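The figures here come from the full heavy-atom set of this structure, side chains too, leaving out hydrogens, waters and symmetry mates. Along the sequence shown, residues are numbered consecutively beginning with 1. Just so you know, these numbers come straight off a predicted model, no measurement behind them.
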Amino acid sequence: MRVVVQRVTEASVTVDGEITGQIGPGLLVLAGFTHADTAAELDWMARKLVQLRIFSDADDKMNLSVQDTGGDLLVVSQFTLLADARKGTRPSYIQAAPPPVAIPLYEEFVRQLQALLGRPVATGRFGADMKVRLLNDGPVTIILER
């Protein structure tokens, strides 16, 4: 599992002209799943994300999490995060889980995040051609793997 986490002041996802997910201050999470991912990886990543201290405290130190600030989460599936471009010029996506495997992982990941935060998590639409708009805050962008 690989995720790209971006601290944002706002973000949204649009599919076919319709906004499917939209947040204010919080985290935009682009998530890619492998065919080897299990509940253990989902649990680790969900806990890491809600506890990741990348928001500023009163002393302007990155010392607060999205859980501490009450910020929002927008989770977007992105299989291209698993691209392997070491050879040639056309990336291979062999490590990315196929939809029958990835969809349940994605849905469970979102459920775990909602349970940890105690509130809804905004999402894109799995497998759709999505347009993601964001205003990166900082900029702060972190890559996590498990």
Backbone N or O of [Y] within a donor-acceptor pair of the [X] side chain at under 3.5 Å?
{"X": "Asp84", "Y": "Ser92", "value": "no"}
{"X": "Gln67", "Y": "Gln51", "value": "no"}
{"X": "Arg133", "Y": "Ser12", "value": "no"}
{"X": "Asp43", "Y": "Arg47", "value": "no"}
{"X": "Glu41", "Y": "Phe33", "value": "no"}
{"X": "Ser65", "Y": "Asp68", "value": "yes"}

Worked verdict on Val140 versus Met62 for side chain to side chain contact (heavy atoms under 4.5 Å, CB included): CA-CA 10 Å; Val140 174; Met62 284 200 289; 4.1 Å; yes
Between [Y] and [X], is there a side-chain heavy-atom distance shorter than 4.5 Å?
{"X": "Arg2", "Y": "Gln95", "value": "no"}
{"X": "Leu28", "Y": "Val76", "value": "yes"}
{"X": "Leu81", "Y": "Val3", "value": "no"}
{"X": "Tyr93", "Y": "Thr80", "value": "yes"}
{"X": "Val50", "Y": "Lys48", "value": "no"}

Working to the nearest 0.5 angstrom, can you tell me the gap between [X] [atom1] and [Y] [atom2]?
{"X": "Trp44", "Y": "Asp37", "atom1": "CH2", "atom2": "CG", "answer": "11.5 Å"}
{"X": "Leu27", "Y": "Leu134", "atom1": "CG", "atom2": "CG", "answer": "12.0 Å"}
{"X": "Ile94", "Y": "Leu82", "atom1": "CD1", "atom2": "CG", "answer": "11.5 Å"}
{"X": "Glu108", "Y": "Ile103", "atom1": "CD", "atom2": "CD1", "answer": "14.5 Å"}
{"X": "Met45", "Y": "Leu105", "atom1": "CE", "atom2": "CG", "answer": "12.0 Å"}
{"X": "Gln114", "Y": "Leu73", "atom1": "CD", "atom2": "CG", "answer": "9.5 Å"}

Please name the pair of heavy atoms, one in [X] and one in [Y], separated by the smallest distance, quoted to 0.1 Å.
{"X": "Ser56", "Y": "Asp60", "value": "OG-OD1, 3.4 Å"}
{"X": "Pro91", "Y": "Ala83", "value": "CB-CB, 3.9 Å"}
{"X": "Val75", "Y": "Ala31", "value": "CG1-CB, 4.5 Å"}
{"X": "Gly21", "Y": "Ala122", "value": "CA-CB, 4.1 Å"}
{"X": "Ala39", "Y": "Gln112", "value": "O-NE2, 4.4 Å"}
{"X": "Met1", "Y": "Leu42", "value": "SD-CD2, 3.9 Å"}

Membership question, hydrophobic clusters at under 4.5 Å side-chain separation (ILVMFWY): are [Y] and [X] in the same one?
{"X": "Phe79", "Y": "Leu30", "answer": "no"}
{"X": "Val15", "Y": "Val121", "answer": "no"}
{"X": "Leu116", "Y": "Phe55", "answer": "yes"}
{"X": "Ile23", "Y": "Phe109", "answer": "no"}
{"X": "Leu74", "Y": "Met130", "answer": "yes"}

Worked verdict on Leu49 versus Val66 for side chain to side chain contact (heavy atoms under 4.5 Å, CB included): CA-CA 8 Å; Leu49 282 170; Val66 71; over 6 Å; no
Candidate pair Leu135 and Val8, rule side chain to side chain contact (heavy atoms under 4.5 Å, CB included), full reasoning: CA-CA 5 Å; Leu135 184 55; Val8 298; 5.7 Å; no
More than 12 heavy atoms of other groups within 6.0 Å of Arg53 CZ: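 Open.
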Residues Leu52, Ile142; criterion side chain to side chain contact (heavy atoms under 4.5 Å, CB included); working and verdict: CA-CA 10 Å; Leu52 194 62; Ile142 297 173; 4.2 Å; yes
Working for salt bridge (Lys or Arg N to Asp or Glu O under 4.0 Å), residues Asp59 and Lys61: CA-CA 5 Å; Asp59 296 323; Lys61 302 273 189 224; over 6 Å; no
Whether Tyr106 and Phe126 hold their rings parallel, tilted or perpendicular, with breakpoints at 30° and 60°: tilted
